[in-house]
Amino acid sequence: MDIQFSPVTFSEIREAVQSHLAALPARIDSFLEKHILASHHYHIFIARQSAGFASIHGESLLTQFSLTDRHKRYGQAVFQQLRKLEHVSAALVPTCDEFFLAHALDDYRQLTKQAYFFNVVPNQDHTATQSFSLRLANPEDIPFIQQHAGEFFTPVEKHLAAHTLFLVRSSDEYVGFGLIESSSLYGDVASIGMYTIEHFRRTGIATATITLLIEECRRRKLHPIAGCWYYNHLSKKTLERAGMFAQTRLLKIDY
């Protein structure tokens, strides 16, 4: 079988990638999205016909694998050849991508649970307590952000320019920060995240922040999602208390 992988820029496969992601039963978060965008990309050809695409991050980590319906029967043969490109030794796969996941699992050495991808229940009321509010951060807030959040939002200037970073206020003081990152691969999706100032933790502020971010996303006509490291149990509970649920996992599969 004649299988060829032609290096391409992301712009050359963007439309195919976006169509593929839109067809999946769940959305991916900004962490995986950034890995995909920073990858080397390949256009797959079978018998000289356009058959799909694949992406490799850092020369060793597969981040995408997709074939057109008419070529899916060749999936195992193509995936075996794909693993010989660059220095592939692992794959980063969301469980919502069944085709990619099935082929990544055919012959593996180790599986590591990396993260949860959280979603929101459609039309569910996420009204936050009125004692909390969001304010868009501005350049004057940089010293305060760096003092209380360290390097968590580095580079701060980038978030300020994109209007994605917020301060969370309770009564007359600022108690934390929120983040809304609009997707580069979906037109109506944003990843949300939060950081509570240390001496205000374990007081419900994190849950209130997520609730406020969900509300802000809906005002912006965006669908909020959130990624959470698999073993960060406190963050997982926070997202669940805010009404979010995890139907998707991110797996690292080593060969």
**OP:** Tell me, please, which residues at least two apart from Lys72 pass salt bridge (Lys or Arg N to Asp or Glu O under 4.0 Å).
**Re:** Asp69
**OP:** Quick one: sort the Phe65 and His103 rings into parallel, tilted or perpendicular, breaks at 30° and 60°.
**Re:** perpendicular
Original post:
Using a distance-only test with no angle check, is there a side-chain donor-acceptor pair under 3.5 angstrom linking Glu86 and Tyr42?
Top reply: yes
**OP:** State which residues pass ring pair (Phe, Tyr, Trp, His ring centres under 6.0 Å) with Phe153; sequence neighbours excluded, sorted by chain then number.
**Re:** Phe177
**OP:** Verify whether one side chain among His43 and Ser6 offers a donor that lies under 3.5 Å from an acceptor in the other.
**Re:** no
Original post:
Under the salt bridge (Lys or Arg N to Asp or Glu O under 4.0 Å) test, which residues partner Asp107, sequence neighbours left out?
Top reply: Arg83
**OP:** Say whether, by atom type as modelled, one donor and one acceptor occur between the side chain of Tyr255 and the main chain of Ala104 under 3.5 angstrom.
**Re:** yes
Original post:
Closest heavy-atom contact between His71 and Ser50?
Top reply: CE1-O, 3.4 Å
Subject >> Mutual orientation of the aromatic rings belonging to Tyr231 and Trp229 [parallel < 30°, tilted 30-60°, perpendicular > 60°] >> reply: perpendicular
**OP:** Verify whether one side chain among Ser60 and His87 offers a donor that lies under 3.5 Å from an acceptor in the other.
**Re:** no
Original post:
Could Arg219 and Glu216 be called an ion pair, given the rule that one side-chain N must be under 4.0 Å from one carboxylate O?
Top reply: yes
Subject >> Partners passing salt bridge (Lys or Arg N to Asp or Glu O under 4.0 Å) against Asp97 (at least two apart in sequence or in another chain) >> reply: none
**OP:** Could you note down all residue pairs passing salt bridge (charged side-chain N to carboxylate O under 4.0 Å, His left out) where residues 157-170 supplies at least one of them, sequence neighbours left out?
**Re:** none
Original post:
Any donor-acceptor pair under 3.5 Å linking the side chain of Ser55 with the backbone of Thr63?
Top reply: no
Subject >> Whether Glu12 side chain and Thr9 backbone form a donor-acceptor pair below 3.5 Å >> reply: yes
Subject >> Of all pairs that satisfy side-chain hydrogen bond (donor to acceptor under 3.5 Å, both in side chains), the ones with a partner from residues 178-192, not counting sequence neighbours >> reply: Ser30-Glu181, Glu33-Ser183, Lys34-Glu181
